[in-house]
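Only a predicted model underlies this, so the values are computations on that prediction, with no experimental measurement involved.
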Amino acid sequence: DAIREAWYASTALGGGWPDAPAPASTTPAGCVTREGFAAFLYAVQKRPPTRMSKPPVGYIAVAHRDSLWGAGSSFHLPSAEDASAAVKAESAANPADAAAAAAAPAEPKLNAEQRRAVRLAEQGESLFLTGGAGTGKSLTLERLIRTLHERHGAEAVFVTASTGIAATVIGGTTVHSFAGIGLGAGTVDELIVKISSNKYNRQRWVDCLALVIDEVSMLDGDLLDKLDAIGRRFKSNPHLPFGGIQLVLSGDFFQLPPVGMEKANLKFLFESKVWPEVARNVCLLRTVFRQADSTFVSLLNEMREVGQE
């Protein structure tokens, strides 16, 4: 629990870990580098770190550093097998903790609608995941991210959202930060020059095989078209949407509208030119899990859809 609290605290400060660990000689006694801690989190949650996470300053104190990673190690991120072995060794030394982990509730099962979305991701298809509140979008998106990691490798999957708060929830960054476009103002050619001037921004586009964008209802349609044009420039398949990057878009257009600097010219994402190409597979989640009262659910749906006919 202490380790998880430390992780959540680090996330609140910006989350994450550096591209390379700090030298072991600079690591304070009784502490672990952020990268070593990320390895532990990877083993526990089976969720590889996202490349775009920004590290907080300093180190995270972890009581069992030596027993987990060995005194004086350089804390290079281990493989999933090595990290899993370390956690098993720790569990053997603490039977009570192992028993508590075994008694933890089983992972929720997906319904048919959710499984279809995961199946499409497994097949390399781009998709748009949507549905009302309480239909399991967050759970499904988590499984989709895991599926993309398994298909492409964590280093090629970039998890983003339209806002910083939404990005924090899913352990990612804003789509603007991923793209290296700042506020996204200017023409495509101007943004290309801006991205190309920074080797890290340019390399992210080159490395990206799958891009997740959450809360897409708040994105401007023109911005999506700009991102599409940028992807086509930096990838080897300029004739494919986003240059062949697999897209997983998630959000609900019945909720929050687009936001941006030019309010008078904002468009919904489905008004963009590239939308028909990237959203051919729409996964609509209809089953509401958050409410058990069917009458109340029907009332909520009527309020949600009022004026749409």
Side-chain angles (χ1 to χ4, degrees), residues 110-133 135-148 151-152 156-163 166-167 170 172 174-176 178-179 181 184 188 205 208-235 237-260 265-287 304-305 308-309:
L110 303 183
N111 63 17
E113 299 164 348
Q114 296 167 320
R115 290 195 300 272
R116 174 176 176 264
V118 173
R119 186 166 60 252
L120 286 168
E122 290 174 340
Q123 296 169 352
E125 297 284 342
S126 293
L127 62 97
F128 171 48
L129 177 69
T130 188
T135 55
K137 291 193 300 296
S138 296
L139 172 64
T140 308
L141 186 61
E142 180 181 345
R143 300 289 181 86
L144 288 170
I145 293 171
R146 188 187 309 174
T147 298
L148 294 175
R151 177 178 175 83
H152 300 291
V157 178
F158 293 84
V159 180
T160 71
S162 56
T163 69
I170 60 174
T174 64
V175 67
H176 298 74
F178 155 77
I181 58 173
V188 170
W205 279 102
C208 184
L209 296 180
L211 177 62
V212 177
I213 310 178
D214 194 18
E215 299 294 355
V216 294
S217 69
M218 299 177 70
L219 282 183
D220 176 28
D222 285 339
L223 178 61
L224 188 70
D225 284 331
K226 289 180 180 180
L227 294 174
D228 169 55
I230 292 169
R232 292 174 191 254
R233 293 278 189 97
F234 283 105
K235 303 300 289 184
N237 297 308
H239 302 297
L240 296 177
F242 277 73
I245 294 173
Q246 182 180 3
L247 283 187
V248 171
L249 309 176
S250 177
D252 180 12
F253 290 116
F254 283 95
Q255 295 185 29
L256 297 170
V259 296
N265 299 318
L266 291 177
K267 298 178 181 177
F268 281 100
L269 222 60
F270 52 77
E271 296 179 289
S272 65
K273 296 178 181 178
V274 75
W275 180 258
E277 296 182 77
V278 299
R280 291 178 178 176
N281 299 303
V282 177
C283 298
L284 174 60
L285 305 183
R286 298 180 176 86
T287 305
R304 166 184 165 83
E305 298 173 8
Q308 298 302 316
E309 296 182 358

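- With rounding to the nearest 0.5 Å, the separation of NE2 in His176 from OG1 in Thr163 is 10.0 Å.
- When all heavy atoms of Leu120 and Cys283 are compared, the closest pair comes out as CD1-SG, 3.6 Å.
- Shortest non-hydrogen contact noted between Leu284 and Gly131 is CD1-CA, 4.0 Å.
- Between Arg232 and Asp228 a salt bridge is recorded (basic side-chain N to carboxylate O distance below 4.0 Å).
- Here the side chains of Ile181 and Leu227 are in contact, with some heavy-atom distance below 4.5 Å.
- To the nearest 0.5 angstrom, Thr140 atom OG1 is 3.5 Å from Gln114 atom CD.
- A donor-acceptor distance shorter than 3.5 angstrom exists from the side chain of Gln246 to the backbone of Glu125, with no hydrogens or angles considered.
- Side-chain atoms of Lys235 come within 3.5 Å of backbone atoms of Cys208 as a donor-acceptor pair (strictly under, hydrogens ignored).
- Thr135 has its side chain out of reach of Thr287: every pair of non-hydrogen atoms, C-beta onward, lies at least 4.5 Å apart.
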**Message:** Under the criterion side-chain contact (heavy atoms from CB on, under 4.5 Å), I'd like the reasoning laid out for Val157 against Leu209: C-alpha separation, chi angles, the key distance, then a yes or no.
**Reply:** CA-CA 6 Å; Val157 178; Leu209 296 180; over 6 Å; no
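- In this structure the side chain of Phe268 never reaches within 4.5 angstrom of the side chain of Leu224, judged on heavy atoms.
- Applying the side chain to side chain donor-acceptor pair (under 3.5 Å) test to pairs two or more places apart or on separate chains, those with a residue in residues 250-259 are Asp214-Ser250, Asp252-Gln255, Asp252-Arg304.
- Summarising the geometry of Asn265 relative to Asp220, their closest heavy-atom pair is O-OD1, 4.3 Å, with the distance given to 0.1 Å.
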**Asked** Does the side-chain contact (heavy atoms from CB on, under 4.5 Å) test come out yes or no for Phe253 and Leu269, once each step is laid out?
**Response** CA-CA 9 Å; Phe253 290 116; Leu269 222 60; 3.8 Å; yes
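- The structure places CG of Leu139 at 9.5 Å from CG of Leu285, a figure rounded to the nearest 0.5 Å.
- The aromatic rings of Phe178 and Trp205 sit tilted, their planes meeting at an angle between 30° and 60°.
- Closest approach of Pro276 and Arg280 over heavy atoms only: O-CG, 3.1 Å.
- Heavy atoms only, all atoms of each residue included: Ala117 and Leu127 are closest at O-CD2, 3.5 Å.
- Considering Leu219, Val216, Val159, Val212 in turn, Leu219 is the only one that fulfils the side-chain contact (heavy atoms from CB on, under 4.5 Å) rule with Val175.
- When atom types are taken as modelled, the side chain of Thr174 and the backbone of Ser162 share no donor-acceptor pair closer than 3.5 angstrom.
- Note that the CG atom of Asp222 and the NZ atom of Lys267 stand 4.0 Å from one another [nearest 0.5 Å].
- Shown here for Lys226 and Gly184, the closest heavy-atom pair between the two residues is NZ-O, 2.9 Å.
- Atom CZ of Phe128 sits about 12.5 Å away from atom CG of Leu247, to the nearest 0.5 Å.
- Looking at Ser217, its side chain does come within 3.5 Å of a backbone N or O of Leu256 through a donor-acceptor pair.
- Here the straight-line distance linking atom CH2 of Trp275 with atom CG of Leu249 works out to 5.5 Å at 0.5 Å rounding.
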